Asker: 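There's a structure below that I have some questions on.
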Amino acid sequence: MNLKEKLSKIVPAFAIVIVLVFAVSEIYNLSNNALVTQTAYESTVLETVDVQMYFIKDEILLTNDSDGVIVPVAKNSERVSRGSAVAAVFDDEKSAENYAELNNLNIQLESYNKINNSSKLADIDLGKLNSEIDLVFENVINCAYSNDFSSLTDYKMSLSEKLSRKQISLNKKVDVSEHISQVQGQIEAVRSSATPSEIITAETSGYYVNHLDGFENSITSQDIENLTLEKFEEVMNAKPAEIPADSIGKIIDGYNWYVACVVNSADISEFDVGDTIKLMFDEFGDDAFKTKIHLIKAVDENRAIVVFRCNLMNEFLSGLRKVNGKIVIDEHNGLKVNRNALRIDDDNNEGVYVLMSDLVVFRNLNVVYSEDSFVIAKAPVYTDKELKEMTKTEKEEKERYIRDHLKLYDEVIISGKELSDGMYAG
């Protein structure tokens with residue numbers, strides 16, 4: 001075989017090898033340079049300090065030495081006025097049961113009357129009604145989930161009422177006249193045997209709570225100014241006192257409750273008495289409660305007692321005493337960006353690359369907060385005074401920086417090799 005014949009066989013084979021190597025190389029480069037993106041969303045990050053908290057409330061204990069059966073009349077954590085009924089005393093269990101049944105029947109009658117009146121209404125806001133139905137249904141689920149069935153009857157009737165109103169809004173006929181007659185008959189049957197022998201009234205206005213925890217008045221609002229580290233540690237470590245046998249609950253006096261805790265002085269160095277600050281209690285998850293700083297008292301070189309004041313009260317807050325919680329030191333709102341996406345461009349500007357259709361585009365990034373795995377970025381905002389003090393060139397540069405800043409819903413590239421502004425990524 002001469003040289004020409006040999007080359008005619010070798011060259012095509014070599015060409016095939018070259019093509020295969022090139023193809024494999026391209027596939028490898030594409031697979032290793034695959035762009036992984038993450039959408040930029042608004043996010044709020046809280047800077048918090050973990051603390052142990054003690055709830056301070058002025059509490060008036062309610063007692064009754066009657067031999068009868070005592071039934072609460074006021075709802076737990078309900079705001080009551082001086083002289084209003086908080087509990088009723090009955091001669092026997094049957095009368096007490098009839099009284100409770102009478103209250104439930106009156107609730108049902110009121111609900112059925114509302115349904116009956118709804119059938120006469122011409123216009124019903126269906127969107128608002130749907131939201132109300134969702135909320136009541138969520139409350140029913142929460143009762144079941146937490147094994148707290150004390151309010152289940154109320155929620156059940158409320159749900160029934162709202163569902164009936166929805167049927168009416170859809171031109172469905174809802175007739176509850178038979179239910180009204182039936183409940184009225186039941187009310188008449190138990191009314192005479194549901195009369196209390198005594199009504200217990202509130203000695204002062206406040207929030208009625210139907211149970212004690214054994215820490216009532218360990219610290220009162222009058223003790224706050226003189227609160228010491230030793231006293232705080234004493235109540236935090238104390239065991240509850242024995243609940244009096246004749247106790248029927250208590251009244252939380254006044255409009256404010258307080259929370260005391262010990263913090264590192266450096267953590268609250270930027271705050272002063274009167275400042276509004278949010279607290280979070282572990283039992284409430286991510287819910288935050290606005291309070292005002294009532295007192296800051298140094299107890300040594302590094303620590304201080306801080307007391308917060310709040311006037312919001314509900315059933316859950318009324319039952320809190322010793323809790324683990326958080327002080328919200330600061331809030332940062334902006335676009336959350338994976339730290340792996342951060343880049344520095346040729347002009348030494350910090351930013352990220354985003355994917356716009358098939359193009360890679362550099363976006364500026366004004367970082368306002370950072371953690372190990374992410375940053376929060378927000379385009380700067382300038383006041384009218386600041387803008388007036390800028391030169392024309394400075395103003396144009398600021399406007400360009402803001403215009404080219406990362407935007408909501410941008411597809412941020414968090415993984416990719418040899419990225420550059422304007423490169424084709426198709």
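What you are looking at is a predicted structure, and each value in this text was computed from that prediction instead of being measured.
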Asker: Any side-chain donor-acceptor pair under 3.5 Å between Asp92 and Ser95?
Answerer: yes
Asker: Going by the ring-ring contact (aromatic ring centres under 6.0 Å, His included) test, which pairs reach into residues 323-347, not counting sequence neighbours?
Answerer: His332-Tyr369
Asker: Nearest 0.5 angstrom please: Met313 CE to Asn256 CG, how far?
Answerer: 9.5 Å
Asker: For the SG atom of Cys261 and the CD1 atom of Ile327, what is their distance to the nearest 0.5 Å?
Answerer: 4.0 Å
Asker: Compare all side-chain heavy atoms of Leu229 with those of Val262 and state whether any distance is below 4.5 angstrom.
Answerer: yes
Asker: Between Ser205 and Val80, is there a donor-acceptor pair closer than 3.5 Å when you use the side chain of the first and the backbone of the second?
Answerer: no
Asker: ring-ring contact (aromatic ring centres under 6.0 Å, His included): which pairs involve residues 202-227, sequence neighbours left out?
Answerer: none
Asker: Looking only at non-hydrogen atoms, find the nearest pair between Arg363 and Arg403 and report the distance.
Answerer: NH1-O, 4.0 Å
Asker: Please enumerate all residues that pass side chain to side chain contact (heavy atoms under 4.5 Å, CB included) together with Asn237, with sequence neighbours excluded.
Answerer: Glu233
Asker: Who pairs with Glu394 by salt bridge (Lys or Arg N to Asp or Glu O under 4.0 Å), at least two apart in sequence or on another chain?
Answerer: none
Asker: Is a salt bridge present between Glu331 and Lys278, judged by a nitrogen-to-oxygen distance below 4.0 Å?
Answerer: yes
Asker: Verify whether the ring centers belonging to Tyr258 and His294 lie closer than 6.0 Å.
Answerer: yes
Asker: Give the minimum heavy-atom separation between Ile402 and Ala379, together with the two atoms involved.
Answerer: CG2-CB, 4.4 Å
Asker: Does atom NZ of Lys297 have more than 12 heavy-atom neighbours, drawn from other residues, nucleotides or ligands, at distances under 6.0 Å?
Answerer: yes
Asker: Is the OH atom of Tyr382 crowded by more than 12 outside heavy atoms at less than 6.0 Å?
Answerer: yes
Asker: Suppose we screen for side chain to side chain contact (heavy atoms under 4.5 Å, CB included). Which residues come up paired with Lys378, at least two apart in sequence or across chains?
Answerer: Asn333, Val368
Asker: Applying side-chain hydrogen bond (donor to acceptor under 3.5 Å, both in side chains), can you list everything that pairs with Asn98, at least two apart in sequence or on another chain?
Answerer: Ser193
Asker: Do Ser77 and Glu315 pair up side chain to side chain, a donor and an acceptor below 3.5 Å, judged on atom types alone?
Answerer: no
Asker: Take atom NZ of Lys407 as the centre, draw a 6.0 Å sphere, and report whether it contains more than 12 heavy atoms from other residues, nucleotides or ligands.
Answerer: yes
Asker: Spell out, as yes or no, whether a donor-acceptor pair under 3.5 Å connects the side chain of Thr291 to the backbone of Ile277.
Answerer: yes
Asker: Can you tell me if Asp330 has over 12 outside heavy atoms packed within less than 6.0 Å of its CG?
Answerer: yes
Asker: Between Arg303 and Asp300, is the closest basic N to carboxylate O distance under 4.0 Å?
Answerer: yes
Asker: Starting at OG of Ser318, measure out to CG of Asn76 and round the result to the nearest 0.5 Å.
Answerer: 5.0 Å
Asker: Could you give all pairs that pass the ring-ring contact (aromatic ring centres under 6.0 Å, His included) test and reach residues 58-77, with sequence neighbours left out?
Answerer: none
Asker: How would you list, by chain and number, every residue that makes a side-chain hydrogen bond (donor to acceptor under 3.5 Å, both in side chains) with His405, sequence neighbours excluded?
Answerer: none
Asker: Heavy-atom distance under 4.5 Å between the side chains of Ile70 and Ile248, does that happen here?
Answerer: yes
Asker: Between Arg343 and Asn340 (side chain of the first, backbone of the second, donor and acceptor by atom type, cut-off under 3.5 Å), is there such a pair?
Answerer: yes
Asker: What heavy-atom pair brings Val360 and Ser420 nearest, and what distance separates the two atoms?
Answerer: CG1-O, 3.6 Å
Asker: Using a 3.5 Å distance criterion without hydrogens, assess whether the side chain of Lys395 forms a donor-acceptor pair with backbone atoms of Lys388.
Answerer: no
Asker: Under 3.5 Å, side chain of Asp345 to main-chain N/O of Asp347, donor-acceptor pair present?
Answerer: yes
Asker: Taking the six-membered ring for Trp, are Phe308 and Phe289 ring centroids under 6.0 Å apart?
Answerer: no
Asker: Minimum heavy-atom separation for Leu320 and Lys57, please, with both atom names.
Answerer: O-NZ, 2.7 Å
Asker: Check whether any side-chain N or O of Glu399 sits under 3.5 Å from a backbone N or O of Glu396 as a donor-acceptor pair, and report yes or no.
Answerer: no
Asker: Listed by chain and number, what are the salt bridge (Lys or Arg N to Asp or Glu O under 4.0 Å) partners of Asp287, not counting sequence neighbours?
Answerer: none
Asker: Between Lys322 (side chain only) and Val235 (backbone N and O only), is there a donor and an acceptor less than 3.5 Å apart?
Answerer: yes
Asker: How would you list, by chain and number, every residue that makes a side-chain hydrogen bond (donor to acceptor under 3.5 Å, both in side chains) with Asp404, sequence neighbours excluded?
Answerer: none
Asker: If I take atom CD from residue Glu242 and atom OG from residue Ser247, how far apart are they, to the nearest 0.5 angstrom?
Answerer: 11.5 Å
Asker: Do any N or O atoms from the side chain of Asn217 and from the backbone of Thr220 form a donor-acceptor pair under 3.5 angstrom?
Answerer: no
Asker: Holding to side-chain hydrogen bond (donor to acceptor under 3.5 Å, both in side chains), I want the full list of residues that pass it with Thr276, two or more places apart in sequence or in another chain.
Answerer: Lys292
Asker: Could you give me the CA-CA distance, side-chain angles and deciding distance for Ile56 and Trp257, then say whether side chain to side chain contact (heavy atoms under 4.5 Å, CB included) is met?
Answerer: CA-CA 6 Å; Ile56 301 171; Trp257 49 263; over 6 Å; no
Asker: Does some side-chain heavy atom of Val361 sit less than 4.5 Å from a side-chain heavy atom of Asp421?
Answerer: yes
Asker: Should we say atom CZ of Arg339 is surrounded by more than 12 heavy atoms from elsewhere, each under 6.0 Å from it?
Answerer: yes
Asker: Is a side-chain donor or acceptor of Ser81 paired with a backbone partner of Ser84 at a separation under 3.5 angstrom?
Answerer: no
Asker: Does either side chain, that of Arg191 or that of Tyr99, offer a donor lying less than 3.5 Å from an acceptor on the other one?
Answerer: no
Asker: Any side-chain heavy atom of Asn364 sitting closer than 4.5 Å to one from Asn366?
Answerer: no
Asker: For the pair Lys326 and Asp282, find out whether any cationic side-chain nitrogen is under 4.0 Å from an anionic carboxylate oxygen.
Answerer: yes
Asker: Between Gly68 and Val89, what is the shortest heavy-atom contact and its length?
Answerer: CA-CG1, 4.0 Å
Asker: When you look at CD of Gln52, are more than 12 heavy atoms from neighbouring residues, nucleotides or ligands closer to it than 6.0 Å?
Answerer: no
Asker: State the CZ-CE distance between Phe232 and Met53, to the nearest 0.5 angstrom.
Answerer: 9.5 Å
Asker: Side chains of Ser66 and Glu198 only: does a donor on one sit below 3.5 Å from an acceptor on the other?
Answerer: no
Asker: Which ring-ring contact (aromatic ring centres under 6.0 Å, His included) pairs, counting each pair once, include a residue from residues 56-78, with sequence neighbours left out?
Answerer: none
Asker: Backbone N or O of Asn64 within a donor-acceptor pair of the Asp246 side chain at under 3.5 Å?
Answerer: no
Asker: Between Arg321 and Glu59, does the salt bridge (charged side-chain N to carboxylate O under 4.0 Å, His left out) criterion hold? Intermediate values first, please.
Answerer: CA-CA 12 Å; Arg321 185 69 71 178; Glu59 296 151 312; 2.7 Å; yes
Asker: Working to the nearest 0.5 Å, report the span between CD1 of Ile268 and CD1 of Ile329.
Answerer: 8.0 Å
Asker: Testing the basics here: between Thr201 and Gly83, what is the closest heavy-atom pair and its distance to 0.1 Å?
Answerer: CG2-O, 3.3 Å
